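Have a look at the structure below, then the notes.
Here the structure is a predicted model, which means the values were calculated and not measured. So you know, we letter chains A, B, ... as the sequences are listed, proteins then strands, and number each from 1. Heavy atoms only: backbone and side chains are in, while hydrogens, waters and symmetry mates are out.
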Amino acid sequence: MSIASKEYRTITQIAGPLVFVEKTEPIGYNELATVTMPDGTQKRGQVLDTSDDVVVIQVFEGTTGIEKAAGVKFLGETMKMPVSRDMLGRILSGAGEPIDGGPAITPEKRLDISGAAINPWARAEPMEFIQTGISTIDGMNTLVRGQKLPIFSSSGLPHNDIALQIARQSKVRTGEEFAVVFAAMGITAEEAQYFMSDFERTGALKRAVVFMNLADDPAIERILTPKLALTTAEYLAFELDMHVLVILTDVTNYCEALRQIGAAREEVPGRRGYPGYMYTDLASMYERAGRIKGKKGSITQIPILTMPGDDITHPIPDLTGYITEGQIVTSRELHRAGIYPPINVSASLSRLMNAGIGPELTREDHKAISDQLYAAYAEGKDLRGLVAIVGKDALSERDQHFLEFADAFEDKFVRQGTDEDRDIETTLDIAWELVAGLPINQLSRIDRKYIETYHPEYRKSE
Amino acid sequence: MEKHGTIYRVAGPVVTATGVSPKMYDVMLVGEEGLMGEVIKIDGDKTIIQVYEETSGLRPGEKVVDTHHPLVAELGPGLLSSVYDGIQRPLPVLMEAMGDFIHRGVSANGLDRKKKWKFEPTAKKGDKVSGGSIIGTVKEFYLTHKIMIPPGVSGTIDEIYEGEFTVEETIAKVDGKDIMMMQKWPVRAGRPFGKKLLPDIPLITGQRVLDTMFPLPKGGTAAIPGAFGTGKTVTQQQLAKWSDTEIVVYIGCGERGNEMTEVLETFPGLEDPTTGEPLMQRTVLIANTSNMPVAAREASVYTGMTIAEYYRDQGYNVSLMADSTSRWAEAMREISSRLEEMPGEEGFPAYLAARLSEFYERAGRVENHNGTNGSISVVGAVSPPGGDLSEPVTQNTLRIVRVFWALDSRLRERRHFPAIHWLTSYSLYTNGLNKWYRENVAEDFPDLRQWAMEVLQRESELQEIVQLVGSDALPDEQKMTLEIARMIREIFLQQNAFHSVDTFCPLERQYVMLKLIKKFSDQSSKAVESGVAVDDIVAMPIRNRLAMAKYEETIDDELAAIDKDMVNAFDSLGGKA
């Protein structure tokens, strides 16, 4: 292309990650550019704003070292990701370059990284139950194929362990395994080390593609990492028929990068300084999960984010919650009580749960028993507050049962080992043992026929 | 020869063009691919266009064509059961044209041009007609689709034909002007009607907490604000499924793709409880998910409203669900900030309140020019950031709508669904609707509702005392009030949208259920007075039967049996009386 060959030396302004170039030929919006320093080093960037007068380029690696004498070339195309089946088992940088010392990846295809929206008409409803082996998720916040279910965590909580446990144990009941696409955004080298050693220890790496953008990599690259990861996932899922589990961590770092760049562009900020388009931006990332009619593969997403100040109303968890199909929320209280995984079921939710449970999918009593656990646990937790004021003796007998239920629930149902892989029957049976501690006439959420089939009282008498 | 302009600048969805002189809100075709956009600002020789499609790769110098008309919706037979994007392009057609993903530069007609419809005239040659006059009918599934003279046309019918026609063929001539079945109407303007009527007939939704406690009339407006996960979408979908209107327009505005899929997959299998026909055949879906272009999201609510008005004009009751109006407001904000407009509260444009009220004012029960009565009931979901109801979209919405269904995250945590809070919600229509309830359900219906509200109110006062001293310290009579309130909450207010029986509760049954709880309450007060322990009353099998009845296939028989058995059950408790 003729434009591609031409180098401009008309930089007029450099501000934050932005470079302003004048007197160009017509340049396409969102196209790629390279900036070449006088010493020959190159940086890549993307067109943010283009007009007859001036073109604004956002430089991925940061503008350090760029001077007005630098040359700018426009590549005449938007950003593409080379993809291939051989990416499985590889570790790539946040910008998609191999960093595991292995050979370069020979692309089978080059795909646009921004990813088009799936036509809602072409989507297939997510429904196959994914067994993560974690009771609080499988039993009460069930994950299904094609869902996006984030983990809302806080600093100091073991969300990484939970993510790894899910990545390790997840399977559908037909036994098919998942390919894992793991995108680390702005995590520390130490955390990265931890993830990598676990992937290697368990042999999970050979069916994984890992993207690593570390805390000291440029912020702007962080914005590309999930796009590259999801483009790879789409290729594996919709062209190679794989079931792909995408783990994105930590979305909070991604949003910080978004804010940083927004500020550098002097945009009008929205809530707490985050850009007004953050909802749309996050949606274009999360909405890349799903299933498509007539295609075998699927993309299931587990984004992880840390809530600044444990605040679930902070814009990052808030906007995420409005886009994703539920959330798994961790609790500092449970963690302090030494309970792993410290998942707060009351605040957690899986919107697609009803599509993934029931006869033939899990078990017929699943929905009812899960509702009962929620209601009884909520009641028991309320009573804890009351006991602190009036003492346990002031409670009615009925209330005492609920209070005891809440404790037993946390100890037996929530608590499990990091390597403990419970199948769904085990999870539901534990649940029934727990509700057996409550008077039968208080089980208002359960149809009589399930009580008669599954309640330990009835099972005993058989 | 059409004069072309050229692109001067591209920044995201906002494109600046020079060399054209269009009118505000004219549709423009931008770039070599002819991407659709709308003029949103004219500044000297520069025209600012918001483009409904992805603009990557678009460059200065490409051509811009003025279509000289504003964004219109195509109205006519074929709308029902359609699934559109925000600018009325049918999604199945887009899929055929560009595969599973939505790419750009494809235009598609809102109405099928090839399909033939059997037109039966009801007017005849020589009749005087004007805008809105019904001149014939077409069968659209089970609905009698009335073909009307487009607004602005009037005169005498010269010719009128019977037979099979496409939407673009002439079916009549009025003063020499060809009339087709298809009309086009600019989406941002309301369609004309005769006059507004008082909304005094309730919209029956089969949801107990809505129909009995906080009713919405046909032609009314309601808002459902709630933090994420509180059940806005489920409530909206329940309304779309069970509302007793002839037409449902469901706008998925900036929401989840998988949710739209769920609607698309479940609706065709569901039956309309009044007609027994598939629900999809009375539904028009607009799906503009959160990752589809933001400018089309902004337009989607207007497209939906225009379609709703078209059916209202035919004399039908239409319910319109917009999920979520916050995403619409955010689309406005996003575009406004790209225009570098002076922001109002929280970055939203200063015209936010005006746009919201314009939208909700298009609802209402009206008398049409053709003499029929029709209505549009609007239910808008609001997604307040952090569940904070003081934010601008919620506040501006609450100033306009007259029903407020408050979703509560504490209720959600205890899985009380629908999580509509009975103390914070309100309906300003209740008094106006009482007459209808008295005449059509039961004379004591309003009193029964009032009784239930009082018990719930009393419960919340007593709960404050319980928090301090424990429930054991309360006198028996107050303990019983707490138990009755619990029954109202758990048996009546809670409703399982996913249970085959409980998902829809006819109004008569709502009355019977609440009446039985009242009866239980009256009986238990007497029993408590005569010295029966509260725990014994609560442990009565009949209480449990009442609680479980809503899940039984034979619910109405079971309720009747409970009614019969109740007095005996209480008598067997004994007590000194």
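Neither the backbone nor the side chain of A/Q46 has a heavy atom closer than 4.5 Å to any heavy atom of chain B. For a residue to count as touching a neighbouring chain, one of its non-hydrogen atoms must lie under 4.5 Å from one of that chain's; by this rule B/T289 touches chain A with the side chain only. Contacts between B/R543 and chain A at a heavy-atom distance below 4.5 Å are absent for every atom of the residue. With a 4.5 Å cut-off on non-hydrogen atoms, B/L94 touches chain A through its backbone and its side chain both. Heavy atoms closer than 4.5 Å to chain B are found in the side chain of A/N354, but not in its backbone. Heavy-atom distances place no part of A/S114 under 4.5 Å from chain B, backbone and side chain included. Of the atoms belonging to A/Q327, it is side-chain heavy atoms, and not backbone ones, that fall under 4.5 Å from chain B. Both the backbone and the side chain of A/S396 come within contact range of chain B, each with at least one heavy atom under 4.5 Å from a heavy atom of that chain. Heavy atoms closer than 4.5 Å to chain B are found in the side chain of A/L352, but not in its backbone. Within the 4.5 angstrom heavy-atom criterion, only backbone atoms of B/L468 (N, CA, C, O) approach chain A. Neither the backbone nor the side chain of B/I491 has a heavy atom closer than 4.5 Å to any heavy atom of chain A. Looking at A/K381, neither its backbone nor its side chain comes within 4.5 Å of chain B, counting heavy atoms on both sides. Only the side chain of A/I292 comes within contact range of chain B, with at least one heavy atom under 4.5 Å from a heavy atom of that chain. Contacts between A/R123 and chain B at a heavy-atom distance below 4.5 Å involve backbone atoms as well as side-chain atoms. For A/P317, the part lying under 4.5 angstrom from a heavy atom of chain B is the backbone only. For B/N258, the parts lying under 4.5 angstrom from a heavy atom of chain A are both the backbone and the side chain. Proximity to chain B is limited to the side chain of A/E31, based on heavy atoms less than 4.5 angstrom apart. For B/A473, no part sits under 4.5 Å from any heavy atom of chain A, backbone or side chain. There is no contact between B/R104 and chain A, counting heavy-atom distances below 4.5 Å. At a 4.5 Å heavy-atom cutoff, the contact between B/E262 and chain A is made by backbone and side-chain atoms alike. Using a 4.5 Å cut-off between heavy atoms, A/Y286 makes no contact with chain B at all. Contact of B/M548 with chain A is made through the side chain alone, with heavy-atom distances under 4.5 Å. Only the side chain of B/P343 comes within less than 4.5 Å of a heavy atom in chain A; its backbone stays farther off. With a 4.5 Å cut-off on non-hydrogen atoms, A/R445 touches chain B through its side chain but not through its backbone. Residue contact with chain A, scored on non-hydrogen atoms closer than 4.5 Å, involves the backbone and the side chain of B/V10 alike. Looking at B/N496, the atoms closer than 4.5 Å to chain A (heavy atoms on both sides) all sit in the side chain, from C-beta outward. For B/R412, the part lying near chain A is the side chain, with the backbone staying farther off; criterion is any non-hydrogen pair under 4.5 Å.
Proximity of a side-chain donor or acceptor of A/K148 to a complementary backbone N or O of A/E325 within less than 3.5 Å is not detected. When atom types are taken as modelled, the side chain of B/R256 and the backbone of A/Y322 share a donor-acceptor pair closer than 3.5 angstrom. Under the 3.5 Å distance criterion, the side-chain polar atoms of B/S324 are matched with a main-chain donor or acceptor of B/S326. Checking side-chain atoms of B/E62 against main-chain N and O of B/E32 turns up a donor-acceptor pair under 3.5 Å.
Of all non-hydrogen atoms in B/S300 and B/I286, the two that sit nearest each other are CB-CG2, 4.0 Å. Minimum interatomic distance between B/F348 and B/P392 (heavy atoms only, all atoms of both residues): CD1-CG, 3.8 Å. Closest of all the heavy-atom pairs between B/E552 and B/V501 is O-CG1, 3.5 Å.
Using a cut-off of 4.0 Å between Lys/Arg side-chain N and Asp/Glu carboxylate O, B/R333 and B/E345 are scored as not salt-bridged.
Donor-acceptor pairing under 3.5 Å is lacking for the side chains of A/S51 and A/D53. A donor atom on one side chain and an acceptor atom on the other are found under 3.5 Å apart for B/T233 and B/D323.
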Next on the checklist: I'd like to know whether A/D52 forms a salt bridge (charged side-chain N to carboxylate O under 4.0 Å, His left out) with B/R59, so could you lay out the CA-CA distance, the side-chain angles of the two residues, the decisive distance to 0.1 Å, and finally the verdict.
Outcome noted: CA-CA 9 Å; A/D52 288 350; B/R59 57 187 59 191; over 6 Å; no
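At least one cation-pi condition fails for B/R414 and A/Y374: the charged atom is not both under 6.0 angstrom from the six-membered ring centre and inside a 45 degree cone around its axis.
Chosen from A/A378, A/P120, A/A394, the residue pairing most often with chain B at heavy-atom distances under 4.5 Å is A/P120.
Side-chain contact between A/L18 and A/L48 is present, with heavy atoms from C-beta onward closer than 4.5 Å.
The aromatic rings of A/H314 and A/Y274 sit perpendicular, their planes meeting at an angle over 60°, well past the 30° parallel limit.
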